[in-house]
Amino acid sequence: MIFIAVRFTVRPDHADRWLDLVDGFTRATRAEPGNLFFDWSRSVDDPNVFVLLEAFADAEAGAVHVASDHFAAGLSAMADAIAATPEIINVEVPQQGWGAMAELAPTGV
């Protein structure tokens, strides 16, 4: 699986609308056959920072994503709203999707 984490610093005047701005891009990416997950989070320390965690089944699925029309449209829409170049971690890992955490499980369930 290709695992990607991207940290976006958004201009303050766009921060409260960021998830709306990326909604079409998010929905289109989640609909891709090779997409495993595509999840946004907002920083608890800085309301102008958003983190995207995404994964694709393999390098081919990642390449299809980057070549898509919605990828180009998403980047174009985001360019006017970001305050800095996003930071990225992109790695290949030997699993498909999320696994169970071995060190923690719910009690009393």
Side-chain angles (χ1 to χ4, degrees):
M1 146 178 102
I2 304 299
F3 174 76
I4 304 162
V6 187
R7 185 169 37 201
F8 296 83
T9 301
V10 178
R11 294 179 184 171
D13 57 319
H14 286 82
D16 287 337
R17 298 176 300 149
W18 179 256
L19 294 176
D20 291 332
L21 177 74
V22 299
D23 183 61
F25 175 54
T26 299
R27 286 184 287 111
T29 301
R30 287 177 176 168
E32 293 175 21
N35 180 256
L36 301 176
F37 55 85
F38 196 85
D39 298 324
W40 290 97
S41 297
R42 193 172 197 175
S43 172
V44 297
D45 297 321
D46 184 341
N48 300 321
V49 173
F50 291 82
V51 173
L52 172 61
L53 298 180
E54 56 185 305
F56 296 90
D58 51 33
E60 181 180 337
V64 168
H65 170 64
V66 171
S68 70
D69 290 341
H70 61 267
F71 183 84
L75 293 185
S76 178
M78 288 185 269
D80 288 334
I82 59 173
T85 300
E87 300 168 289
I88 188 168
I89 299 169
N90 184 331
V91 295
E92 191 168 339
V93 294
Q95 68 185 54
Q96 289 293 310
W98 294 95
M101 183 177 173
E103 299 84 3
L104 183 63
T107 58
V109 182

message = Could you report the tightest heavy-atom contact between Ala61 and Gly34, atom names first, then the distance?
response =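 In this case the closest contact between Ala61 and Gly34 is CB-CA, 3.7 Å.
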ask   = Which heavy atom of Val6 sits nearest a heavy atom of Pro86, and at what distance?
value = CG1-CB, 3.7 Å
Transitive ILVMFWY cluster of Met101, excluding itself - 4.5 Å side-chain cut-off = Leu104
Are [Y] and [X] connected in a single hydrophobic cluster, I mean Ile/Leu/Val/Met/Phe/Trp/Tyr linked by side-chain heavy atoms less than 4.5 Å apart?
X	Y	value
Ile88	Leu36	no
Val93	Val51	yes
Phe56	Phe37	no

task = Sorted by first residue and then second, give each side-chain hydrogen bond (donor to acceptor under 3.5 Å, both in side chains) pair with at least one member in residues 54-66; sequence neighbours left out.
result =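 Those involving residues 54-66 are Glu32-His65.
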key: Pairwise side-chain hydrogen bond (donor to acceptor under 3.5 Å, both in side chains) hits with a residue in residues 92-102, at least two apart   = none
inquiry  = Please report the interatomic distance CZ(Phe25) to OG(Ser68), rounded to the nearest 0.5 Å.
reply    = 7.0 Å
Just to verify, what does [X] make a side chain to side chain contact (heavy atoms under 4.5 Å, CB included) with, not counting sequence neighbours?
X	result
Ala5	Phe3, Leu53, Ile89
Ala28	His70
Asp46	Ser43, Asn48, Val49

inquiry  = Would Phe38 and Ile4 count as a side chain to side chain contact (heavy atoms under 4.5 Å, CB included) here? Give the steps.
reply    = CA-CA 9 Å; Phe38 196 85; Ile4 304 162; over 6 Å; no
inquiry  = Once side-chain hydrogen bond (donor to acceptor under 3.5 Å, both in side chains) is applied, do any residues pair with Thr26, and if so which ones, sequence neighbours excluded?
reply    = Trp40
inquiry  = I want to check something: taking the side chain as every heavy atom from C-beta on, are Phe71 and Val64 in contact at a cut-off of under 4.5 Å?
reply    = no
Indicate every side-chain donor-acceptor pair of residues 9-21 with a distance under 3.5 Å to a residue at least two apart or in another chain.
| from | atom 1 | to | atom 2 | distance (Å) |
| --- | --- | --- | --- | --- |
| Arg11 | NE | Ile82 | O | 3.0 |
| Arg11 | NH1 | Asp80 | O | 2.9 |
| Asp16 | OD1 | Arg42 | NH1 | 3.3 |
| Asp16 | OD1 | Arg42 | NH2 | 3.0 |
| Arg17 | NH2 | Asp13 | O | 3.2 |

